Amino acid sequence: MGTSAGAARSHRCGELRAEHVGQEVVLCGWVQSRRDHGAVAFMDLRDRYGLIQVVADEDSPAESREFLGKLHLEDCMQVTGTVRMRGEGNRNPDRATGDVEVVAKKVERLSIAKPVPIEILDDLDAPEELRLRYRYLDLRRTPMRRFIEQRTQANHAIRSNLVEQGFVEVETPMLTKSTPEGARDYLVPSRMKAGHVYALPQSPQIFKQLCMVAGLDRYFQIARCLRDEDLRADRQPEFTQLDLEMSFVEEEDVFQTVEQVVAALYQSLFGQTLERPFERMSYAEAMRRYASDKPDLRNPLEIVDLQSVAGDLGFKVFDSVLSAGGMVRGLRVPGGASLSRKAIESIEQTARDAGGAGAAWCKVTEGGQATGPMGRFLKGEAGAAFLAALQAEAGDLVLAVADRKRVALVVLDHVRRKAGQLMDLVQGPDRLLWITEFPLFEEVEDGVWAPAHHPFTSPVEEDLDILRQGQKDGVRSRAYDLVLNGVELGSGSIRIHRREVQEVVFEAIGLSPEQARRRFSFLLEAFDYGPPPHGGFAIGLDRLYALLFQAESIRDVIAFPKTSSAACPLTGAPGQADPAQLEELGLQLSERASVVESPESV
RNA sequence: GGGGGUGUGGCGCAAUUGGUCAGCGUACCAGACUGUCGAUCUGGUGGUUGCGGGUUCGAGCCCCGUCACCCUCGCCA
């Protein structure tokens, strides 16, 4: 901390050590606790930097002795006194400042605190809603303050690394037009142009591409994004992304750039040097081996295709799925025969929770026999072939899932994770992984395909022809994700910069040239003026920080977060609209809106 | 929008099959105490058990509705 303590104080509470003994100091802070013994009284004074014990004894003026005992927790204080060594046996080794104390000469209360609704304790156990309502008190707590400080450091590491890499930082508008992410927009009505609205950005997507057309070459921003969708434990209506875009690049250029940033982050936060390059895996391979587009590679279990061996067992469950065009895949859990009946049942339950019918299973005995529910179907050559496909050995547990393709993959993913967790296989260092060549379209219902990304995501060159022929299944895009231990950190793509390709994609996703021009006119217009090939990436920082800082919730790394109904208990936002403001905006509330009453005004 | 969980003094918790069970800790207030350190001791204030309705002689406890929060599915690149 290279800055001065401030005019009202000479030192910070947390910095006093034996070397300060004898100095007269002026401290400012809050009353953390007080211990009044009559003729001697103590107070722990807290600031951002720590705690210091202030004592008033026979060396202090009588009035300060009395005053110290009368203070409330969290009163804001200024204390003048002398640093002195604590007596032998009176030191507190659990505290950084525990060898010294400040003998009060003058004790002044700068402001008074009512009884606090939440206590300022590291291990506070209070309803989160209350913590949000009194966030300014919650943030006085050390763990919360740490998150803020770590976030500062992380943002700083990111920013300085990207600047080093030659990036320019551009602040893009908050009042803008709808962007192509496909979430619901937050709208802001215009006063100047009644009946018209701004949309708050779901991401700076369009603007960062415009930055590329502008020749800025390498853009980044730590950007606020807003999406009006239902919340989750790891989702907030407004969140922060590290957003970047680069010109004249291919996937590898983006990967290396992002890897440098992430490595700088780990270096700064943990002093840890990440191994680079990160691993890379195509979407197809990830789905084949892990049934997931964000596999946790710390879990070594892999999916095995049993399509060709499942039909010969005389197992009705497999037969009916196969004849319906479904999928049979399985999983070998080495040593899994040691799992209890109850544990295996929990895997079956996981499969059902994931939307499947369950999971077939058997254990492999020393003699190579299969026991358990699926065991009796695994006799003879067909059974041996089945187990051989899995490379199952004595002592293993074998799990098999049969279902419609989309369901089976989801179930396999859950089963793999559950089995890995039960066997305690998920360990080792962080595994960072690029998933590449995501499909351009995803099947949302049987036979119904929707674009998986925004419409400027470039298809893979070799797949252009089949795309032109109207095929959707199997068309690869140049989109990629970065995955950390099974958690998707962010995603990006190489964009389309050629008009001809853009038109093919618009047509494929069912946008007529007119519709496309209406929605993205300004970007398409910009693309008439020599757009460079470009691509980029965006990382959700709140989620990443929650992970890296080991916060319990994404809300802990956000200073002033919202509840799961997108409300702010502190400010009471969203608030009721003021009729005068509505009038000015040319707006009228519908029946539905006026029925809704605020439950309570704070 | 669907499913699940939670809701008792400011805060954390308790209350047997529905029957003196509205109690404990902490904070708060008053007092005592020369070395504590999330001090201790004594005494005290404080609750229409989220809200509304119902069942019952009787509801914190059972039923219905509702609100808020948390988790989750849908939704969200």
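Since the model is a prediction, treat every value here as computed from it, not as a measurement. Naming convention: chains lettered A, B, ... in sequence-line order (proteins, then strands); numbering from 1 in each chain.
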Review point. B:rC71 P sits how many Å from A:Glu552 CD, rounded?
Key: 11 Å
Check your understanding: Strictly under 6.0 Å, is that where the ring centroids of A:Tyr219 and A:Phe207 end up?
Key -> no
Point to revise | Output field: ring centroids A:His37/A:Phe42 closer than 6.0 Å | key: yes
Review point. Contact class for A:Glu58 vs. all strands (heavy atom < 4.0 Å): base, sugar-phosphate, or nothing?
Key: base
Practice item. May I ask which nucleotide in the shown strands pairs with B:rC24, Watson-Crick or G-U wobble, both distances under 3.5 Å? Key: B:rG12
Check your understanding: Salt-bridged, A:Arg140 to A:Glu74, with N to O below 4.0 Å?
Key -> yes
Review point. Are A:Ser33 and B:rA39 close enough that a side-chain N or O sits under 4.0 Å from OP1 or OP2?
Key: yes
Review point. Between atom CD in A:Gln53 and atom P in B:rA39, what is the gap in whole Å?
Key: 10 Å
Exercise for review: May I ask you to say what A:Asp44 touches in the nucleic acid, namely base, sugar-phosphate or nothing, with a heavy-atom cut-off under 4.0 Å?
Suggested key: sugar-phosphate
Check your understanding: When you check the gap from the basic side-chain N to the acidic O, do A:Asp138 and A:Arg133 get nearer than 4.0 Å?
Key -> no
**Study point:** Euclidean distance, atom CG of residue A:Asp234 to atom P of B:rC70 [Å, nearest integer]
**Key:** 13 Å
Between protein and nucleotides 45-50 of chain B, what N or O pairs are separated by less than 3.5 Å?
none

Check your understanding: How is A:Ala452 classified with respect to the nucleic acid when contacts are heavy atoms under 4.0 Å: base, sugar-phosphate, or nothing?
Key -> sugar-phosphate
Check your understanding: How far apart are the C-alpha atoms of A:Met281 and A:Thr436, what are their side-chain angles, what is the distance that settles it, and do they pass the side chain to side chain contact (heavy atoms under 4.5 Å, CB included) test?
Key -> CA-CA 6 Å; A:Met281 188 181 294; A:Thr436 65; over 6 Å; no
Review point. Expressed as a whole number of Å, how far does the C1' atom of B:rG44 sit from that of B:rG4?
Key: 43 Å
Point to revise | Toward the 5' end of RNA chain B, by each residue's nearest nucleotide, A:Leu124 or A:Val40 | key: A:Leu124
Exercise for review: Using only side-chain N and O atoms of A:Ser564, determine if any of them is under 4.0 Å from OP1 or OP2 of B:rC69.
Suggested key: no
**Study point:** Spacing between A:Gln202 atom CD and B:rC75 atom C1', to the nearest angstrom
**Key:** 12 Å
What protein N or O atoms touch nucleotides 24-30 of chain B N or O atoms at under 3.5 angstrom, if any, and at what distances?
from	atom 1	to	atom 2	distance (Å)
B:rU26	O2'	A:Glu119	OE1	3.4
B:rC29	OP1	A:His72	NE2	3.1

Check your understanding: Quick one: on RNA chain B, does A:Asp481 or A:Phe42 contact a more 5' nucleotide (nearest heavy atom)?
Key -> A:Phe42
Review point. So which nucleotide does B:rG19 pair with, by the Watson-Crick or G-U wobble rule with both distances under 3.5 Å?
Key: B:rC57
Revision key, fill the gap. Quick note, A:Pro127 side chain, CB onward, closest among B:rG12, B:rC70, B:rG10 is B:rG12
Review point. Under 4.0 angstrom, heavy atoms only, what part of the nucleic acid is A:Ser491 near: base, sugar-phosphate, or nothing?
Key: base
Check your understanding: If we take the P atom in both B:rA22 and B:rC63, what is their distance in whole Å?
Key -> 23 Å
Practice item. Report which part of the nucleic acid A:Leu130 touches: base, sugar-phosphate, or nothing (heavy-atom distance under 4.0 Å, all strands). Key: sugar-phosphate
Practice item. May I ask you to verify if any side-chain N or O of A:Arg35 is less than 4.0 angstrom from the OP1 or OP2 atom of B:rA39? Key: yes
Exercise for review: Salt-bridge test for A:Asp556 and A:Arg131: reply yes if a basic N is under 4.0 Å from a carboxylate O, no otherwise.
Suggested key: yes
Practice item. Provide the distance between the two P atoms, one in B:rC11 and one in B:rU16, to the nearest whole Å. Key: 23 Å
Exercise for review: Identify whether any heavy atom of A:Asp94 sits under 4.0 Å from a base atom; if not, whether one sits that close to sugar-phosphate; answer base, sugar-phosphate or nothing.
Suggested key: nothing
Review point. For A:Glu442, which contact category applies under a 4.0 Å heavy-atom criterion: base, sugar-phosphate, or nothing?
Key: nothing
Point to revise | Whole-Å distance separating the CD1 atom of A:Ile118 from the P atom of B:rC11 | key: 11 Å
Practice item. Ignoring hydrogens and angles, answer whether the base of B:rC11 and the side-chain atoms of A:Arg131 contain a donor-acceptor pair closer than 3.5 Å. Key: no
Practice item. Could you tell me whether A:Arg495 and A:Glu245 make a salt bridge, using a distance below 4.0 angstrom between a side-chain N and a carboxylate O? Key: yes
Exercise for review: Starting from C1' on B:rU36, measure out to CG on A:Asn92 and report it in whole angstrom.
Suggested key: 10 Å
Study note, to complete from the structure: Output for pair (A:Met246 CE, A:Leu244 CG), nearest 0.5 Å, gives 7.0 Å
Check your understanding: Roughly how far, to the nearest 0.5 Å, is the CG atom of A:Leu432 from the CZ atom of A:Phe278?
Key -> 4.5 Å
Check your understanding: What is the distance from CG of A:Asp99 to P of B:rC37, rounded to the nearest Å?
Key -> 17 Å
Practice item. Determine the interatomic distance between P on B:rC29 and the same-named atom on B:rG65; round to the nearest Å. Key: 45 Å
Review point. With both distances under 3.5 Å as the test, what is the Watson-Crick or G-U wobble partner of B:rA68?
Key: B:rU6
Check your understanding: B:rC71, B:rC37, B:rC11: which one has an atom nearest the side-chain heavy atoms of A:Ala126?
Key -> B:rC11
Practice item. Would you mind pulling out the nucleotide paired to B:rC41, Watson-Crick or G-U wobble, both distances under 3.5 Å? Key: B:rG31
Practice item. Give a yes or no on whether the ring-centroid distance for A:Phe537 and A:Trp434 is below 6.0 angstrom. Key: yes
Review point. Looking only at atom P, what distance separates B:rG50 and B:rG9, rounded to whole Å?
Key: 7 Å
**Study point:** Assigned partner base of B:rG46, Watson-Crick or wobble definition, under 3.5 Å
**Key:** none
Review point. Does A:Asp47 pair with A:Arg12 as a salt bridge, N-O distance under 4.0 Å?
Key: no
Point to revise | Aromatic ring proximity A:Tyr480/A:Tyr283, centre distance under 6.0 Å | key: no
Check your understanding: Which is true for A:Arg235 with a 4.0 Å heavy-atom rule: it touches a base, it touches only sugar-phosphate, or it touches nothing?
Key -> base
Review point. Is A:Glu251 salt-bridged to A:Arg478, cutoff N-O under 4.0 Å?
Key: yes
Could you go over nucleotides 42-44 of chain B and give all protein N or O partners under 3.5 Å, atom names and distances?
none

Check your understanding: Is there a donor and acceptor pair, one atom on the side chain of A:Glu129 and one on the base of B:rG7, closer than 3.5 Å?
Key -> no
Point to revise | Geometric cation-pi criterion A:Lys472 and A:Phe441, 6.0 Å radius, 45° cone | key: yes
Check your understanding: Could one point to a donor on the side chain of A:Arg232 or the base of B:rG74 with an acceptor on the other under 3.5 Å away?
Key -> yes
Review point. Looking at A:Ser565, does any N or O in its side chain come under 4.0 Å of the phosphate oxygens OP1/OP2 on B:rC69?
Key: yes
Review point. For A:Arg227 and B:rC75, what is the distance between atoms CZ and C1' respectively, to the nearest whole Å?
Key: 12 Å
**Study point:** Short N-O contact, A:Asp481 and A:Lys294, less than 4.0 angstrom
**Key:** no
Point to revise | Side chain A:Ser64, main chain A:Ser60, donor-acceptor under 3.5 Å | key: no
Practice item. Return the stacking result for B:rA39 and A:His37: yes when the ring centres lie under 5.5 Å apart and the planes under 30°, no otherwise. Key: yes
Check your understanding: Has the side chain of A:Arg84 got a donor or acceptor that lies under 3.5 Å from a partner of the other kind on the base of B:rG35?
Key -> yes
Review point. Roughly how far apart, to the nearest Å, are B:rG25 and B:rG43 at atom P?
Key: 11 Å
Review point. Hey, does A:Arg543 reach any base, or is it just sugar-phosphate, or nothing, if we go heavy atoms under 4.0 Å?
Key: nothing
Check your understanding: If the C1' atom of B:rG23 is compared with that of B:rU49, how far apart are they to the nearest Å?
Key -> 13 Å
